[in-house]
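See below for the structure under consideration.
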Amino acid sequence: MASLMTDRYLENNRQYARGETLHKAAYPGKQPIQPSKRVAVVACMDARLDVEDLLGLQTGDAHIIRNAGGVINDDAIRCLIISHHLLNTNEIILIHHTRCGMLAFTDDLLKAGLEGDPGASKLLGQATSRAFTSCSKCAAAPAAFHAFRGPIEPLDTPRNEKNIERLQWDVRRGISSIVNHPWIPTTGPDAVTVRGFIYDVDSGKLEEVSYPGPMGSIG
Ligand SMILES: [Zn+2]
């Protein structure tokens, strides 16, 4: 399945990594509601990612869905279904990135800290170089934080073989969640394409994640 715009945005990203500015900030005037390049991007909320800049997107080109990690959770799926079936997008781009905060904790650790576990609070404080203040209350929601699987590391650790593998696992889990969803077609005349990437916050470059492949181990 061809994903022509994704390839063009990858070329844009190579220019971005060389220091060229492709995204124009100027408001271009009246535009249709449907994204003109038929693209939907799911990316992490990290402050170092300027999604429009790093892909060379212009206003009106694409939907951009962002959350902590760029994970495919219930809300991301909701957005992608609306984006495709009502607003005509047919290429999905997932972006995780190096030094992501989601590599530095586990769901259990954060929940325990929030609920009042002093040991968890201490570890979270050490990991984030910030006093972690517990709320000492339980909560039913969010049901999950979707921290990335695998052994945790200090916040903002530079890229290495292990954390790149953990990022790749989660990109693949996201792709799998999308392509196996009954309301997101990947074959036939209404098919969407899905490709996943890791953005290197130090170099500005996107690297594609192969799919299918390993999706994680707790070891
Ligand atoms: Zn992140």
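Whatever order the structure lists them in is the order used to number ligands and atoms, beginning at 1.
By the 4.5 Å heavy-atom criterion applied to side chains, R66 and C44 are not counted as neighbours.
Neighbours of the Zn ion (ligand 1) restricted to protein N, O or S atoms under 2.8 Å: the count is 3.
If you check the side chains of H84 and N90, you find no donor sitting under 3.5 Å from an acceptor. Checking T89 against R38 by side-chain atom types alone, no donor-acceptor pair falls below 3.5 Å.
The pair D61-R8 does not count as a salt bridge, with every side-chain nitrogen at least 4.0 angstrom from each carboxylate oxygen.
When hydrophobic residues (I, L, V, M, F, W, Y) are linked wherever their side-chain heavy atoms come within less than 4.5 Å, the members clustered with L10 are M5, Y9, Y16, V39, V41, L49, V51, L54, L55, L57, I64, I93, I95, F197, Y199, V201, L206.
Each of N163, D202, D200, T157 was scored for a side chain to side chain donor-acceptor pair (under 3.5 Å) with R99, with one residue passing: D202.
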